[in-house]
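Hydrogens, waters and symmetry mates are skipped; everything else that's a heavy atom, side chains included, is used. Below, chain A is the first sequence line, B the second, and so on; all start at residue 1.
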Protein chains: 2
Amino acid sequence: MRNLPIHIAISPDLYTKNPDSSDLGRRIVCTSIEMIDELGFEAFTFKKLGSRIGSNESSVYRYFESKHMLLLYLINWYWSWTEYQLAFAVHNIESPREKLEKAIRIFTQKIDVDNSFSHINEAILGRIIIAESSKAYHTKDVDKENEKGFYKTYKRLVKRVSEMILEINPSFEFPHMLTTTVIEGAHHQRYFSEHLPALTDFEEGKNNIVRFYTDLVFKAIENR
Amino acid sequence: MRNLPIHIAISPDLYTKNPDSSDLGRRIVCTSIEMIDELGFEAFTFKKLGSRIGSNESSVYRYFESKHMLLLYLINWYWSWTEYQLAFAVHNIESPREKLEKAIRIFTQKIDVDNSFSHINEAILGRIIIAESSKAYHTKDVDKENEKGFYKTYKRLVKRVSEMILEINPSFEFPHMLTTTVIEGAHHQRYFSEHLPALTDFEEGKNNIVRFYTDLVFKAIENR
DNA sequence: TGCTTTTTGATAGTATTACTATTATATTTG
DNA sequence: CAAATATAATAGTAATACTATCAAAAAGCA
């Protein structure tokens with residue numbers, strides 16, 4: 001997938017004006033990624049963002065209704081991008097086990113920059129997803145927002161991986177649980193490894209997160 | 001453990017004045033649990049809490065420095081309570097496998113009220129832990145707060161379960177990862193089952209969450 | 001080129017939040 | 001009963017998460 005100019009389409013429900021349609025919009029997105037990473041989501045404001053990009057608050061509001069909608073946009077962008085990574089990784093691979101192994105690696109390995117999408121730094125965005133994405137759905141509005149389709153990118157990805165699992169073992173009862181356990185779990189382990197190391201068994205360069213979850217999945221779907 | 005007046009001690013670093021030392025303090029804690037559950041953590045304020053308990057904002061601030069510290073207090077209370085549940089459940093049990101199985105059940109089953117602690121409703125508190133607890137450590141201050149010991153109750157619990165795992169298989173490489181994967185994972189599944197069912201395989205009354213994670217753990221620690 | 005439409009920028013304003021500070025009034029304790 | 005302590009009431013502050021308005025700049029196009 002490297003260096004191919006693939007375009008990631010985001011549902012118009014997630015923005016007021018498409019940030020990909022103007023230079024200002026793209027600067028809003030890429031600078032917001034930097035700033036959320038630097039300041040954390042709570043300390044990040046549209047006012048600060050506006051002044052950093054040499055514009056102002058009201059211009060940002062013309063693209064995104066709220067901070068929260070911007071976060072949802074970023075999350076959906078990230079999962080769409082991951083979906084492409086996944087599609088590319090399993091392309092032309094026959095073996096269902098090999099396909100699943102590649103998928104697990106994508107979710108559990110360190111997130112790397114992908115040159116295909118110039119203005120977005122996926123490594124930084126990955127850190128935001130790890131640290132902030134749960135705040136997007138742990139809200140009193142989840143149900144309403146779920147109906148509006150704000151989480152559909154993630155759900156589609158989970159469905160895709162679940163199908164890979166069923167390809168290997170069609171009688172496995174819990175493919176969705178296993179998939180979300182791996183995706184969310186890997187994020188936790190990455191976060192813990194940096195901030196709460198007592199909660200993990202991370203060791204630099206030993207690929208423990210990938211190894212742990214790969215082993216976990218293949219043992220789980222085995223018919224004893 | 002039912003109906004025994006066990007006392008849960010919380011580190012004084014987590015409060016300004018011990019809420020367990022006065023009637024007002026206990027009302028602050030138990031009413032805050034109700035209100036966070038009703039309103040969600042972001043919409044919950046000390047002002048609203050003060051007026052609900054027939055007191056006011058400034059009185060609440062005398063017990064807790066901030067909303068965030070109150071959340072940390074609740075989280076530590078919850079994990080201490082879970083630690084008691086765990087100790088009680090494995091007491092007098094010889095078999096390491098049976099002990100671990102009981103532990104997994106405690107983390108994955110539906111949270112139930114425990115009559116031992118009159119003023120706190122553990123079932124509601126459990127919902128708060130599931131929906132809000134990740135907000136406590138996904139902050140720019142994690143490292144500082146970790147040094148101050150604000151997460152030590154949770155870390156101690158994870159350590160305890162990790163030791164149970166190692167009792168069964170001393171050569172298992174990732175006991176902490178496995179433990180946090182189960183605890184955090186089970187919380188996610190409970191949340192998803194209510195709000196994002198496409199992400200899980202929950203079915204009422206079929207005990208899928210307990211079954212899934214029990215199976216996952218025992219297969220994972222097996223030496224193939 | 002001029003003219004219109006659209007996009008952006010600047011300023012102002014609002015309600016609410018997350019506090020702090022002060023002081024008066026209860027309540028407890030010695 | 002006095003002194004100490006706990007609580008309640010009020011006021012105030014800086015910041016946040018927006019909304020509204022309007023002028024200036026840029027883009028589209030005849």
Side-chain angles (χ1 to χ4, degrees), chain A residues 12 14-32 35-36 38-74 119 132 135-136 138-141 144-145 150, chain B residues 12 14-32 35-36 38-74 119 132 135-136 138-141 144-145 150:
Chain A
L14 292 163
Y15 50 75
T16 311
K17 180 179 157 77
N18 190 352
D20 209 38
S21 70
S22 74
D23 189 62
L24 179 65
R26 283 182 295 267
R27 256 158 56 230
I28 285 172
V29 169
C30 83
T31 310
S32 72
M35 292 186 83
I36 293 171
E38 281 169 33
L39 307 171
F41 189 66
E42 0 300 313
F44 163 78
T45 69
F46 279 5
K47 197 173 184 178
K48 290 173 190 168
L49 172 61
S51 88
R52 166 96 65 115
I53 60 175
S55 177
N56 71 8
E57 223 181 339
S58 55
S59 299
V60 180
Y61 275 103
R62 237 173 268 120
Y63 287 85
F64 295 101
E65 199 184 305
S66 65
K67 231 169 96 157
H68 180 246
M69 288 306 292
L70 169 59
L71 181 59
L72 284 172
Y73 178 91
L74 295 178
H119 70 295
E132 319 286 2
K135 293 169 191 170
H138 283 144
T139 313
K140 278 287 153 182
D141 302 317
K144 224 179 301 161
E145 297 192 343
F150 291 0
Chain B
L14 292 164
Y15 50 74
T16 310
K17 179 179 158 78
N18 190 351
D20 209 38
S21 71
S22 73
D23 188 62
L24 179 65
R26 283 182 293 269
R27 256 160 53 230
I28 285 172
V29 169
C30 82
T31 310
S32 72
M35 292 186 83
I36 293 171
E38 282 168 32
L39 308 171
F41 190 66
E42 1 300 312
F44 163 78
T45 70
F46 279 6
K47 197 173 183 178
K48 290 172 189 167
L49 172 60
S51 88
R52 166 99 62 117
I53 59 177
S55 176
N56 72 8
E57 224 181 338
S58 56
S59 299
V60 180
Y61 274 104
R62 235 175 286 113
Y63 287 85
F64 294 102
E65 200 184 305
S66 64
K67 228 169 99 156
H68 180 246
M69 288 307 293
L70 169 59
L71 181 60
L72 283 172
Y73 178 92
L74 296 177
H119 70 294
E132 318 287 0
K135 293 169 189 169
H138 283 145
T139 314
K140 277 287 153 182
D141 300 317
K144 225 179 300 160
E145 298 192 342
F150 291 0

Give [X] one of three labels, base, sugar-phosphate or nothing, depending on what nucleic acid heavy atoms sit under 4.0 Å from its own.
| X | answer |
| --- | --- |
| A:T45 | sugar-phosphate |
| A:S55 | sugar-phosphate |
| B:K47 | nothing |
| B:F64 | nothing |

Phosphate contact (D:dT16 OP1 or OP2) by A:K48 side-chain N/O below 4.0 Å: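 Yes, within the criterion.
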Phosphate-side-chain proximity, A:Y63 and C:dT8, N/O vs OP1/OP2 below 4.0 Å: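 Yes.
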Distance check needed: [N] [atom2] versus [X] [atom1], whole Å only.
| X | N | atom1 | atom2 | value |
| --- | --- | --- | --- | --- |
| B:D141 | C:dA18 | CG | C1' | 15 Å |
| A:F46 | D:dA15 | CZ | C1' | 16 Å |
| B:F41 | C:dT17 | CZ | P | 13 Å |
| B:R52 | D:dA8 | CZ | P | 17 Å |
| B:E42 | C:dA18 | CD | C1' | 14 Å |
| A:H68 | D:dT16 | NE2 | P | 19 Å |
| B:N56 | C:dT23 | CG | P | 17 Å |
| A:E65 | D:dT16 | CD | P | 20 Å |

Choosing from [options], which nucleotide comes nearest the side chain of [X]?
| X | options | value |
| --- | --- | --- |
| A:Y61 | C:dT8, C:dA10, D:dT19 | D:dT19 |
| A:K67 | D:dT10, C:dT8, D:dA17 | D:dA17 |
| A:S59 | C:dA18, D:dA8, C:dT8 | C:dT8 |

How long is the straight-line distance from [atom2] of [Y] back to [atom1] of [X], given to the nearest 0.5 Å?
| X | Y | atom1 | atom2 | value |
| --- | --- | --- | --- | --- |
| B:K47 | B:N56 | NZ | CG | 10.0 Å |
| B:L74 | B:F41 | CG | CZ | 8.5 Å |
| A:R26 | A:I53 | CZ | CD1 | 12.5 Å |
| B:F46 | B:S58 | CZ | OG | 12.0 Å |

Measure all distances between protein nitrogen or oxygen atoms and nitrogen or oxygen atoms of nucleotides 12-15 of chain C, and list the pairs falling under 3.5 Å.
none

Between the protein and nucleotides 26-28 of chain D, are there any N/O to N/O pairs under 3.5 Å, and if so, what are the atom names and distances?
none

Checking [X] side chain against [Y] main chain: does a donor-acceptor pair fall under 3.5 Å?
| X | Y | value |
| --- | --- | --- |
| A:K140 | B:E42 | no |
| A:K135 | B:H138 | yes |
| B:K17 | B:G25 | no |

Any [X] side-chain heavy atom under 4.5 Å of [Y] side chain:
| X | Y | value |
| --- | --- | --- |
| A:R62 | A:T16 | no |
| B:L72 | B:E145 | yes |
| A:F64 | A:L71 | no |
| B:H119 | B:D20 | yes |

Pairwise 5' ranking along DNA chain D for A:R62 and A:A43, keeping only the more 5' one: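 It is A:A43 whose nearest nucleotide is closer to the 5' end.
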Lys/Arg N to Asp/Glu carboxylate O, A:R52 vs A:E38, below 4.0 Å: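 Yes, charged N to carboxylate O under 4.0 Å.
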Distance-only donor-acceptor check, side chains A:D141 and A:T139, under 3.5 Å: no
For DNA chain C, the residues among residues 17-32 of chain A that have a non-hydrogen atom under 4.0 Å from it: A:K17, A:S22, A:L24
